[in-house]
Novice: 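I'd like to ask you about the structure that follows.
All chains are named by letter (A, B, ...) in the order of the sequence lines, taking the proteins before the strands, and each is independently numbered beginning at 1. Every value quoted in this text rests on a predicted model; they were computed, and no experiment measured them.
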2 protein chains.
Amino acid sequence: MSPSTGVRETQRRRTRRALLDAALSLLEERSLGSLGLREVTRAAGVAPTAFYRHFRDMGELGTALVEEALASLHTTVRDVLAATGDSERRGEAAVRLVAELVRTRPAHVRFLVRERHGGVAAVREAIADQLDVFAEETGAALAADPVSAGWAGQDVTMLSRLLVDHMFMTASAFLAATLRGEDWTAATRTALGQLRLIHLGRVHWPG
Amino acid sequence: MSPSTGVRETQRRRTRRALLDAALSLLEERSLGSLGLREVTRAAGVAPTAFYRHFRDMGELGTALVEEALASLHTTVRDVLAATGDSERRGEAAVRLVAELVRTRPAHVRFLVRERHGGVAAVREAIADQLDVFAEETGAALAADPVSAGWAGQDVTMLSRLLVDHMFMTASAFLAATLRGEDWTAATRTALGQLRLIHLGRVHWPG
DNA sequence: CCTTTCGGGTAACAGTTGTTCACTGACTAC
DNA sequence: GTAGTCAGTGAACAACTGTTACCCGAAAGG
């Protein structure tokens, strides 16, 4: 029944959280592959051996982080797709939600951006699989849009992949702007312009 | 005068090449941050201390790889920009040249894609700086195009950033396809479609 | 020819790594 | 109340890390 209560379970969850948070903060300026088990446990304030009670190795901790990070992303994507109004407004909503995600969970977003093409195969594949799901959902939403009437199926997926990738581009741009001490107005304007351009191309696509 | 001949200099260059190649091959499935100095020298067949004759640390070796990789990329970008014909043909040329680059120097391309957002700050910045240069060049070429008549400067850079990022997306897609054992027809079609979509948006941009 | 330069190798260093084993003690289930 | 479970600890291990100081031998410069 996996009780959500119980003193023991609570403590277990607490240290697991400590491990994940420690890793996440170390990953701000490092990559997962260069992270040491002892390093993480030290930052989390537990003994090295406690690590094994929760994860087999660092790759498994990594995929746990992927699940966490993409859970937030998933709600964001769903919100965007569910947004009503013309595609112009929907683009604005998308950029706004990405911005909010980066603002509230910068470490998670940075982790995703960095490890998407990173050096740990298991993590790479976990992210890629989830992004495929996102692209598929986006494609379904696009196909339901009257603008896409008469589009070939492969053209829809072509566009949805572009949009998903653009989401990552935008998130990365926000992170970079923060790192340079800039505010986000320029990055926001760029992202909005690009979405608008893509939207224009979509409207005039020979369907 | 830095003689290009001389027995000593050739040997020096040979081991330097061995170090870079060893690192490059180790980086096929790892990231730079997780790479050890001894590991590289072992793979290169030289003593650990020989490393210091060429690089201060692994970050410096990384930036050397960035220079190498981006030298090839630079010629590719210039070729694309210099290509004549309408934007449709130019897009095809771009995809073809990226494909050729990935085919002839897969390790270098993978290195760029991986370390662009990777865990070594010096390398990240070196890549970002070069990409800024590329974006600027692309912007200049776009501005010279009659299609961009009346465009605001920031809109031009907005588009050029999108194109540069799309180049990376495409390269990454080719690498992923190879990894899965697929051929490149699907990835090529996707990339071409996306460029065509962007081009359509460009034509109908309110200038 | 003799001296200097210098790329590479050897040996050693203190420190860190991942992993194991046995152990504790508080919680849980009956 | 009592037996069992189990998250976390402590000590120990061989292996490996980056870095240093010193040495070697051949090429380079005069």
Side-chain angles (χ1 to χ4, degrees), chain A residues 1-27 29-65 118-123, chain B residues 1-27 29-65 118-123:
Chain A
M1 262 297 152
S2 71
S4 60
T5 171
V7 181
R8 207 170 226 166
E9 191 65 15
T10 321
Q11 255 298 339
R12 175 177 166 84
R13 273 205 250 272
R14 189 197 306 279
T15 52
R16 184 187 149 98
R17 197 90 283 282
L19 287 171
L20 290 172
D21 287 342
L24 219 37
S25 84
L26 286 170
L27 285 170
E29 7 194 306
R30 312 253 314 272
S31 67
L32 185 64
S34 71
L35 217 57
L37 180 152
R38 295 183 99 106
E39 202 174 357
V40 173
T41 56
R42 197 182 309 132
V46 298
T49 47
F51 184 91
Y52 294 104
R53 301 287 183 197
H54 300 270
F55 311 102
R56 190 180 306 277
D57 52 28
M58 289 292 301
E60 204 169 289
L61 182 143
T63 62
L65 282 178
V120 181
V123 172
Chain B
M1 261 297 152
S2 70
S4 60
T5 170
V7 181
R8 209 169 223 167
E9 190 65 16
T10 33
Q11 255 297 341
R12 175 178 167 83
R13 272 205 249 273
R14 187 198 308 278
T15 52
R16 184 186 150 98
R17 196 88 285 280
L19 286 171
L20 290 173
D21 288 342
L24 218 38
S25 83
L26 287 170
L27 284 171
E29 13 194 302
R30 313 255 312 274
S31 67
L32 185 64
S34 72
L35 217 57
L37 181 151
R38 295 183 99 106
E39 202 174 358
V40 172
T41 56
R42 198 181 308 132
V46 297
T49 47
F51 184 91
Y52 294 105
R53 303 282 183 200
H54 299 270
F55 311 104
R56 191 180 307 277
D57 50 28
M58 288 292 301
E60 205 169 289
L61 181 142
T63 62
L65 283 178
V120 182
V123 172

Novice: Any donor and acceptor pair, going by atom type alone, linking the side chain of Asp21(B) with main-chain N or O of Leu24(B) inside 3.5 Å?
Specialist: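 Such a contact is absent between Asp21(B) side chain and Leu24(B) backbone.
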Novice: Rounded to the nearest Å, what distance is computed from the CD atom of residue Gln11(B) to the P atom of nucleotide dG9(C)?
Specialist: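 Between P of dG9(C) and CD of Gln11(B): 9 Å.
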Novice: Could you tell me the separation between the OH atom of Tyr52(B) and the C1' atom of dT19(D), rounded to a whole number of Å?
Specialist: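 Spelled out: OH on Tyr52(B) to C1' on dT19(D) is 5 Å.
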Novice: Sub-3.5 Å donor-acceptor pair from the side chain of Arg56(B) to the main-chain atoms of Glu60(B), do we have one?
Specialist: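 A pair under 3.5 Å: no.
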Novice: Show the nearest heavy-atom pair for residues Leu61(B) and Leu19(B), with the distance to one decimal.
Specialist: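 The answer is CD1-O, 4.4 Å.
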Novice: Whole angstrom is fine here: how far is it from CG in Asp57(A) over to P in dT20(C)?
Specialist: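 Rounding to the nearest Å, CG of Asp57(A) and P of dT20(C) are 12 Å apart.
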Novice: Have a look at Arg8(B) and say if it touches a base, only the backbone sugar-phosphate, or nothing, with a 4.0 Å heavy-atom cut-off.
Specialist: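 The answer is base, as Arg8(B) lies within the cut-off (heavy atoms under 4.0 Å) of a base atom.
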Novice: In whole angstroms, how far is the P atom of dG18(D) from the CD atom of Glu60(B)?
Specialist: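 Result: 15 Å.
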Novice: Atom CZ of Arg16(B) to atom P of dC6(C): distance rounded to whole Å?
Specialist: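 About 17 Å, once rounded to whole Å.
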Novice: Let me know, please, whether Thr15(A) or Leu37(B) comes out on the 5' side of the other along DNA chain D by nearest nucleotide.
Specialist: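 Its nearest nucleotide being more 5', the pick is Thr15(A).
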Novice: Please confirm whether any donor atom in the side chain of Thr49(B) sits under 3.5 Å from an acceptor in the base of dG9(C), or the reverse.
Specialist: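 Pair found.
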Novice: Categorize Arg53(A) for me: base, sugar-phosphate, or nothing, with a 4.0 angstrom heavy-atom threshold over every strand shown.
Specialist: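 Base, at least one base heavy atom under 4.0 Å.
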Novice: For the pair made of CZ in Phe51(B) and P in dT20(D), what is the distance, rounded to whole Å?
Specialist: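 These atoms are roughly 13 Å apart.
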Novice: Between His54(B) and Arg16(B), which heavy-atom pair has the shortest distance, and what is it?
Specialist: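 In this case the closest contact between His54(B) and Arg16(B) is ND1-CB, 3.5 Å.
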Novice: Considering only side-chain heavy atoms of Arg38(A), which listed nucleotide, dT17(C), dG18(D), dG9(C), is closest?
Specialist: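 My answer, after comparing the listed nucleotides, is dT17(C).
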Novice: Within this structure, what is the CD-to-P distance between Glu9(A) and dA26(C), rounded to whole angstrom?
Specialist: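 For the pair Glu9(A) CD and dA26(C) P, the rounded distance is 19 Å.
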Novice: How many whole angstroms separate atom CG of Leu35(B) from atom C1' of dC16(D)?
Specialist: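 These atoms are roughly 14 Å apart.
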